[in-house]
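Input: a single structure, listed below in structure tokens.
First the proteins, then the strands, lettered A, B, ... as listed; each starts at 1. All values reported here derive from a predicted model rather than from experimental measurement.
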Amino acid sequence: MHRWSKLFVPTLREAPTDAEVASHKFLLRAGYIRQLGAGIYNYLPLGQRALNKIIGIVREEMDQIGQEFFLPALNPREAWEPSGRWSGMGDNMFRLKDRKGAELCLAMTHEEIMTEIARKELRSYKQLPQIWYQIQTKFRDEPRPKSGLLRVRQFTMKDSYSFDIDADGLDRSFELHDAVYRKIFTRCGLKFVAVDADSGAMGGSQSQEFMVHTEAGEDLIASCPTCGYAANTEKATSLLDAVTEMAPTGDGLPELVLTPGCAAISDVAAFFKISPASDIKCVAYMALKRGENGKADTWHGLAAFLRGDHQVNETKLQGAVGAAELRTMNGEELEQFFHGPAGFLGPVGLAPAAKALTSGLTVVVDKGLEGRSNLVAGANKLDYHFRSVTPGRDFSWTLVADIRTVNEGEACPTANCTGKLVVGKAVEIGHIFKLGYKYTSAMGATVLDPNGKEVTPIMGSYGIGIERILTAAIEQSHDANGFWLPASIAPFQVVVTVTNVTDTLLRETGEKLAADLEAAGIDVLLDDRDERAGVKFKDADLVGIPYRINVGKKVAEGKVELVNRAMPGAEDLALADVVQRLKALV
RNA sequence: CGGGGCGUAGCGCAGCCUGGUAGCGCAUCUGCUUUGGGAGCAGAGGGCCGGGGGUUCGAAUCCCUCCGCCCCGACCA
């Protein structure tokens, strides 16, 4: 039996000032974790028990569709070369050398290793599909670890990889994961949503994230309460209301206007007495194009034009032009591409590149500017703007694309839906992703199809952040005194608090009750410490155990108290009914 | 990597400006009392004041430098 008096549970009355978000504070205060370095944590017994419960659920469900592997965290450079990610991962990968000077890394993920196994071992379409998974520590040298266990440099991830003979097979593997993920997160007691996500520079086709709404989250998701549409704002779209204000002036050709000091959108709008929606915003970037076939990477000028009241969405922009990386232009580059200063940049007079990221300036125009006329735009000249600028007539572009970030209150993009989008913060707990042929093709994995022809298997990749399930659960359920976890992932399901262990009757009643609960298969912790009742109650409220039995004075009447941590108050319960009642609850 | 902040006992902090024997609360240990919401009294232990260098008779305090940590941003298959 687990006794609090023997457990190592170093609770803190006060949280270290470093902790900002609720889950971080409580994980420290409840003695679940201790920090070793930036983004590196020790997991203490209570934390480890909770994580093991989560891992247990994940493993049980994943075994329904796949097979578990255990792969090295220490990977030789050669394993990461064929996919191009030895260099592609850049500074995010931890790298080291062995005594002979050979280069190694700590694995951030295992696409290469799994694909290498597939390449060597899979021969025939008859062996497909395969779903291979692992629950292991992964390493990422995050530029900025933060928020306790939310963004760290070493963490536990369930990763799985599917290999299918064709796209239909991949669809099935993807659907299997979608269904299993929903089961896992439901069993972990999380309120989650599945959202469309950007498939990123990895070149996948479909991507879905599982998110938990919380202020501590780093992602923004847009959702429609009416039809259920939900997407990461990196990907989300919306319908725009027509801009109804009068065209600024006339219908003539662009007219140069002196606008002293009007560098910000708000200045320009005020100067011309227009809404920012009728001004054209310009954001200037340098975009990195990865060199193919061993060619060197190259940087190209990139101008994004959109409505003054819109924000550029760099993920979408990057996707639209196929850039590996974006950074904003410096003054010298602005002069080179625009011949004008920041604050007065505009599209008139530019010579757009014929194709994205070729020589010259790539000009991308947001869809929100389509069909507009008589707008205001910078003149690429200090203290001057043009008015009466009409896209298409007065300037051209390399391409038109959706490159803006949606805002709360805009119309839902779903056909015939009249809902308005709401935008909220969320933390990503899982991601399922159709990878395609990137790795199998780069690494030369093939199998023979029924016609004896070599074909390249198609892959999917699917992750779950184990620690993030714990942190999301805490973010979801806490108050001033502590938190409570769902019984399925709590380190213990119930704590039996003996209010006074110097009272023989109470102590023996508690012992027997805890033994009975354990015999009934309930995960019980007996608080047998020689502490005052108040101390034990405070600790019990803090550490995340969902139910508590107070063994106190009422034992004389054959009664104890049942406390449901999620609710206020306590309920008297006959001693004889405790086991049955708790079995029903957990 | 840019901006900001912090590093003094296990935790939370004061002291630094204006240099002169390192303090407070909580926690810990001992004893007595107490025992249903972080008890009371009495006593005790615990510090390379983040590291290195410099100024000074003398540095937690002033100067230089390095390191670590937190927050905002950038970044985040």
Side-chain angles (χ1 to χ4, degrees), chain A residues 10-21 24-25 28-29 31 34-41 80 83-85 88-93 107-112 138 140-148 150-153 155 157 159 161 197-204 207 209 217-219 232 234 285 314-315 318 324-328 330 427-428 431-436 438-439 459-463 465 480-482 497-503 506-507 527 529-542 548 550-555 560-561 563 568-570:
Chain A
T11 58
L12 301 173
R13 188 182 292 219
E14 296 171 276
T17 37
D18 283 354
E20 292 276 322
V21 301
H24 188 195
K25 282 183 193 158
L28 287 168
R29 285 194 55 201
R34 286 294 184 263
Q35 183 169 24
L36 183 62
I40 311 175
Y41 288 88
W80 285 74
S83 67
R85 293 210 296 182
M89 283 300 191
D91 289 337
N92 283 333
M93 190 149 75
M108 309 173 62
T109 172
H110 282 88
E111 277 85 0
E112 282 82 358
K138 309 259 165 156
R140 294 184 191 179
D141 192 0
E142 290 288 343
R144 183 149 100 82
K146 57 182 283 202
S147 305
L150 268 184
R151 177 160 296 282
V152 289
R153 297 196 290 175
F155 56 99
M157 191 150 152
D159 251 336
Y161 306 93
D198 178 60
S199 37
M202 297 317 294
S207 171
E209 289 168 340
E218 298 182 291
D219 285 282
N232 194 307
E234 290 180 348
Y285 293 96
E314 294 186 6
T315 305
Q318 211 172 321
E325 218 174 285
L326 296 181
R327 64 168 175 78
T328 49
N330 61 33
V427 55
E428 179 186 352
H431 195 167
I432 59 178
F433 185 27
K434 292 182 184 174
L435 259 185
K438 179 181 166 72
Y439 297 94
M459 273 180 86
S461 149
Y462 318 86
N481 296 320
T497 303
V498 177
T499 57
N500 183 353
V501 293
T502 61
D503 183 320
L506 299 191
R507 195 183 64 234
D527 191 349
R529 291 175 299 168
D530 185 10
E531 289 284 355
R532 300 168 65 85
V535 173
K536 298 203 217 184
F537 292 160
K538 287 287 187 192
D539 272 345
D541 284 346
L542 175 61
R548 182 170 101 220
N550 290 335
V551 178
K553 287 172 184 146
K554 292 173 191 159
V555 165
V560 293
E561 287 169 344
V563 177

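- Searching all strands for a Watson-Crick or G-U wobble partner of B/A74 with both distances below 3.5 Å returns nothing.
- Among the protein residues, A/Ala15 comes within range of the sugar-phosphate backbone only, with heavy atoms under 4.0 Å from sugar or phosphate atoms but none that close to a base.
- If you take CD of A/Glu234 and P of B/A74, they are 12 Å apart, rounded to a whole angstrom.
- For B/G25, the paired base is B/C11 (Watson-Crick or G-U wobble, both distances below 3.5 Å).
- Taking atom CE on A/Met108 and atom C1' on B/C76, their separation rounds to 9 Å, with Å as the unit.
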Please write out each protein N/O paired with an N/O of nucleotides 37-42 of chain B under 3.5 Å, distance rounded to 0.1 Å.
residue: B/G37; atom: O6; partner: A/Arg548; partner atom: NH2; Å: 2.9
residue: B/G37; atom: N1; partner: A/Asp541; partner atom: OD2; Å: 3.1
residue: B/G37; atom: N2; partner: A/Asp541; partner atom: OD2; Å: 2.1
residue: B/G38; atom: O2'; partner: A/Arg13; partner atom: NH1; Å: 2.5
residue: B/G38; atom: O2'; partner: A/Arg13; partner atom: NH2; Å: 2.4
residue: B/G38; atom: O6; partner: A/Arg29; partner atom: NH2; Å: 3.3
residue: B/G38; atom: N1; partner: A/Asp539; partner atom: OD1; Å: 3.1
residue: B/G38; atom: N2; partner: A/Asp539; partner atom: OD1; Å: 3.2
residue: B/G38; atom: N2; partner: A/Asp539; partner atom: OD2; Å: 3.4

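- When heavy atoms are screened at a 4.0 angstrom cut-off, A/Glu314 is found touching the sugar-phosphate backbone but no base atom.
- Of the nucleotides present, B/A42 is the one that pairs with B/U30 by Watson-Crick or G-U wobble criteria, both distances under 3.5 Å.
- Nucleotides B/G4 and B/G47 have their C1' atoms positioned 29 Å apart, rounded to a whole Å.
- With C1' as the reference atom, B/U18 and B/G31 are 46 Å apart, rounded to whole Å.
- For A/Leu506 and B/G36, the CG to P distance is 10 Å, given to the nearest whole Å.
- Across all strands, A/Thr497 comes closer than 4.0 Å to no nucleic acid atom at all (heavy-atom distances).
- For A/Lys146, the salt bridge (Lys or Arg N to Asp or Glu O under 4.0 Å) partners at least two apart in sequence or on another chain are A/Glu218.
- Pair assignment for B/C69 gives B/G5, based on Watson-Crick or G-U wobble hydrogen-bonding distances that are each under 3.5 Å.
- A gap of 40 Å separates the P atoms of B/G68 and B/U30, to the nearest Å.
- Spacing between B/G3 and B/G45 at atom C1', rounded to whole Å, works out to 44 Å.
- Side-chain N/O atoms of A/Thr17 include one lying less than 4.0 angstrom from OP1 or OP2 on B/C13.
- Considering only side-chain N and O atoms, A/Arg140 lies nowhere under 4.0 angstrom from the phosphate OP1 or OP2 of B/C76.
- To the nearest 0.5 Å, atoms OG1 (A/Thr499) and CG (A/Leu506) are separated by 5.0 Å.
- At least one side-chain heavy atom of A/Arg529 sits under 4.5 Å from a side-chain heavy atom of A/Asp539.
- Contact between A/Ala19 and A/Leu28 at its shortest, heavy atoms only, is CB-CD1, 4.1 Å.
- Separation of the P atoms belonging to B/G36 and B/A44 is 31 Å when rounded to the nearest angstrom.
- Judged by distance alone, the side chain of A/Arg34 and the main-chain N or O of A/Tyr41 form no donor-acceptor pair under 3.5 Å.
- If you take atom P in B/A60 and the same atom in B/G54, they sit 15 Å apart, rounded to whole Å.
- To the nearest angstrom, C1' of B/A74 lies 13 Å from CD of A/Gln318.
- Between the side chain of A/Tyr161 and the backbone N or O of A/His110, at least one donor-acceptor pair lies under 3.5 Å.
- Pair assignment for B/C16 gives none, since no Watson-Crick or G-U wobble pairing has each distance under 3.5 Å.
- The pairing partner recorded for B/U35 is none, the criterion being a Watson-Crick or G-U wobble arrangement whose two distances lie under 3.5 angstrom.
- Nucleotides B/G19 and B/C57 have their P atoms positioned 15 Å apart, rounded to a whole Å.
- Within the 4.5 Å cutoff, no side-chain heavy atoms of A/Lys138 are placed close to those of A/Met108.
- Residues A/Thr109 and A/Ala570 each lie close to RNA chain B; by heavy-atom proximity, the contact nearer the 5' end of the strand is made by A/Ala570.
- Distance A/Arg144 CZ to B/C70 C1': 9 Å, rounded to the nearest Å.
- Nucleic acid contact class of A/Glu20 (heavy atoms, under 4.0 Å, all strands): sugar-phosphate only.
- Nucleic acid contact for A/Met157: base, since at least one base atom lies under 4.0 Å from a heavy atom of the residue.
- A 3.5 Å limit on both hydrogen-bonding distances identifies no Watson-Crick or G-U partner for B/U56.
- Taking 3.5 Å as the limit, the base of B/C76 and the side chain of A/Arg151 contain a donor-acceptor pair of atoms between them.
- Two residues, A/Asn500 and A/Gly148, neighbour RNA chain B, and the one matched to the more 5' nucleotide by heavy-atom proximity is A/Asn500.
- Between the side chains of A/Ser461 and A/Glu111, at least one donor-acceptor pair of N or O atoms lies under 3.5 Å.
- Contacts of A/Pro143 with the nucleic acid, taken as non-hydrogen atoms under 4.0 Å apart, include base atoms.
- Contact of the A/His431 side chain with the A/Ser207 side chain is registered, since non-hydrogen atoms from C-beta on lie closer than 4.5 Å.
- Remark: the separation of the P atoms in B/G15 and B/G23 is 16 Å, to the nearest Å.
- Summarising the geometry, the separation between NZ on A/Lys138 and C1' on B/C76 is reported as 16 Å, rounded to the nearest angstrom.
- The shortest distance between side-chain heavy atoms of A/Asp91 and A/Asp141 does not fall below 4.5 Å.
- At least one side-chain heavy atom of A/Asn92 sits less than 4.5 Å from a side-chain heavy atom of A/Pro143.
- Taking atom OH of A/Tyr285 as the reference point, atom C1' of B/C75 lies 14 Å away to the nearest angstrom.
- Residues A/Thr497 and A/Glu561 form no side-chain contact, since every pair of their non-hydrogen atoms from C-beta on lies 4.5 Å or further apart.
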Distances under 3.5 Å only, N/O to N/O: pair up the protein atoms with those of nucleotides 66-69 of chain B.
residue: B/C69; atom: OP1; partner: A/Ala38; partner atom: N; Å: 2.7
residue: B/C69; atom: O3'; partner: A/Gln35; partner atom: NE2; Å: 3.4
residue: B/C69; atom: O2'; partner: A/Asp18; partner atom: OD2; Å: 3.0

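- Summarising the geometry, the separation between CG on A/Leu28 and P on B/G10 is reported as 17 Å, rounded to the nearest angstrom.
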